[in-house]
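For reference, the structure is listed below as C-alpha cells.
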Amino acid sequence: MGTTTFSGPVKAGTIKDTTGSSVGTDVANTGFVLMAQSAVVDIAGTTATTSVGVIPANSKVSEVVLNVVQASDSSSAATLTVGFSTGDATLLDSTSVKAVGVTTSSAMGTASINIGTADQEIFATYSPVSATATTQGIGDVTVKYLQNSNL
C-alpha cells in the first residue's frame, strides 16, 4: 500500500464557514483530523531512549498511548516515560513496563500539550532500576495530535 505526504493541516466536514444559524445547513462543522506517530520501544537491556517522532509546530498533543506487548523481565522495577527530552515525563508519567497492557496519558498540562512555534521531537525513555541488563521486553508508543490547532 502506498502512502501520501502533504503539509496539512487536514480538516474535514461539509460546511467550511458559518453563514446562518441552521445546524446541518449553514453552520460550520469542520474539524481537524487526528494524526498519530508511533515507534516500537525496546524495553530490554539498560536505560535507553527511543525517538517516537517529531510533532509539527503549532500542533496540540491529545493523547499518548503505551502498549506493552512483551513485559520487561527486569528483576526489579522498570518504567517508561514519554516527553520532550531523555527521561522527561511531561506527556506520560513514569509507567511500569513489568506487565503486558495498555496505558494512556491522563493528566497533560496545557503547556505540555501545545507544541509551540517550532517542531518538537518526542522521546520514550526506558529505565530499569536494576543495573543488570534485561533480556526481554517490547512495546510501542503512539502520540496522537491535532496539526496546526495550538490553543
Side-chain angles (χ1 to χ4, degrees), residues 1-16 28-151:
M1 177 184 345
T3 59
T4 301
T5 303
F6 52 91
S7 62
V10 177
K11 289 185 88 173
T14 56
I15 305 169
K16 182 179 175 188
N29 66 359
T30 58
F32 289 96
V33 174
L34 189 63
M35 311 294 279
Q37 292 188 37
S38 189
V40 172
V41 178
D42 190 8
I43 52 177
T46 58
T47 299
T49 299
T50 302
S51 175
V52 177
V54 177
I55 307 302
N58 300 314
S59 295
K60 175 184 173 185
V61 175
S62 62
E63 183 180 39
V64 176
V65 179
L66 166 61
N67 182 11
V68 177
V69 294
Q70 181 183 35
S72 170
D73 67 345
S74 175
S75 60
S76 56
T79 61
L80 189 102
T81 59
V82 179
F84 299 112
S85 62
T86 300
D88 178 25
T90 302
L91 299 174
L92 183 68
D93 287 335
S94 184
T95 303
S96 176
V97 291
K98 297 277 294 164
V100 171
V102 176
T103 303
T104 59
S105 54
S106 60
M108 293 183 291
T110 302
S112 67
I113 60 175
N114 290 320
I115 294 300
T117 58
D119 290 1
Q120 289 285 328
E121 189 166 12
I122 307 296
F123 297 95
T125 304
Y126 168 65
S127 302
V129 171
S130 173
T132 305
T134 57
T135 58
Q136 70 181 27
I138 193 164
D140 60 66
V141 173
T142 301
V143 178
K144 299 176 183 180
Y145 62 97
L146 300 169
Q147 187 179 4
N148 200 35
S149 69
N150 229 350
L151 301 176

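Quantities reported herein were computed from a predicted structural model and do not represent experimental measurements.
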Shortest non-hydrogen separation from [X] to [Y] and the atoms involved:
{"X": "Ser38", "Y": "Thr142", "answer": "OG-OG1, 3.0 Å"}
{"X": "Thr95", "Y": "Asp93", "answer": "OG1-O, 2.7 Å"}
{"X": "Pro128", "Y": "Gly45", "answer": "CG-O, 3.8 Å"}
{"X": "Lys16", "Y": "Thr30", "answer": "CA-CG2, 3.9 Å"}
{"X": "Val97", "Y": "Tyr126", "answer": "CG2-CE1, 3.8 Å"}
{"X": "Pro56", "Y": "Gln37", "answer": "CD-NE2, 4.4 Å"}

**Asked** With respect to Ile138, which candidate in Asp42, Val68, Asn67, Val40 satisfies the side-chain contact (heavy atoms from CB on, under 4.5 Å) definition?
**Response**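 One option only clears the test, and that one is Val40.
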**Prompt:** Is a side-chain N or O of Asp140 found less than 3.5 angstrom from the main chain of Ala39, in a donor-acceptor match?
**Reply:**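 Here the side-chain-to-backbone pair does not exist.
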**Asked** Counting N and O atoms only, with roles assigned by atom type, does the side chain of Asn29 sit under 3.5 Å from a partner on the main chain of Ile15, one being a donor and the other an acceptor?
**Response**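 Answer holds: yes.
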[X] side, atom [atom1]; [Y] side, atom [atom2] - distance, nearest 0.5 Å:
{"X": "Leu92", "Y": "Thr81", "atom1": "CG", "atom2": "OG1", "answer": "8.0 Å"}
{"X": "Ile115", "Y": "Leu146", "atom1": "CD1", "atom2": "CG", "answer": "11.0 Å"}
{"X": "Glu63", "Y": "Ile113", "atom1": "CD", "atom2": "CD1", "answer": "12.0 Å"}
{"X": "Ile122", "Y": "Ser85", "atom1": "CD1", "atom2": "OG", "answer": "10.0 Å"}
{"X": "Leu66", "Y": "Thr103", "atom1": "CG", "atom2": "OG1", "answer": "5.0 Å"}
{"X": "Met35", "Y": "Asn148", "atom1": "CE", "atom2": "CG", "answer": "11.5 Å"}

For residues 47-55, dump all side-chain donor-acceptor pairs below 3.5 Å to protein atoms at least two apart in sequence or in another chain.
from, atom 1, to, atom 2, distance (Å)
Thr49, OG1, Thr125, OG1, 3.3
Ser51, OG, Glu121, OE2, 2.5

**Request:** Apply side-chain contact (heavy atoms from CB on, under 4.5 Å) to Thr117 and Asn58, showing your working.
**Result:** CA-CA 5 Å; Thr117 58; Asn58 300 314; 4.1 Å; yes
